[in-house]
Amino acid sequence: MFKIFWAMFINTAIVNLVVNANFQDLEFVKYLPFEEYLFNADYSDFDRDWYIKVGSTFVATMLISIASPHLLHVLIFHPLGKLK
């Protein structure tokens, strides 16, 4: 269960922050491979536009992660009468 937490955390939070962050002013970014793709986005800080575009993606991902384990029971097992 702990491995699933870390996998979901990295996939949900860290990857989205890396893809949507702009850290081109930092020195170490110039030496990274694929530096034109990493840390080269529109947002250098958490501002209103970040919350509208990136934050809404976080919320949608979290809502799907909350609901998806329960959909199997509600949509398949409950109508078949398997849940008593």
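The first residue of the sequence shown is numbered 1, and numbering continues consecutively from there.
With values rounded to the nearest 0.5 angstrom, Thr61 atom OG1 is found 11.0 Å from Ile66 atom CD1. A distance of 10.0 Å separates CG of Asn20 from NZ of Lys53, quoted to the nearest 0.5 Å. Remark: Phe58 CZ to Tyr51 OH distance equals 10.0 Å, nearest 0.5 Å.
Not a single side chain to side chain contact (heavy atoms under 4.5 Å, CB included) links Ala41 to another residue, sequence neighbours left out.
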Let me have the donor-acceptor pairs involving side chains of residues 6-19, under 3.5 Å, with sequence neighbours excluded, atom names and distances please.
{"unit_1": "Thr12", "atom_1": "OG1", "unit_2": "Met8", "atom_2": "O", "d": "2.8"}
{"unit_1": "Asn16", "atom_1": "ND2", "unit_2": "Thr12", "atom_2": "O", "d": "2.8"}

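Here the closest non-hydrogen pair linking Trp50 and Asp45 is CB-O, 4.1 Å.
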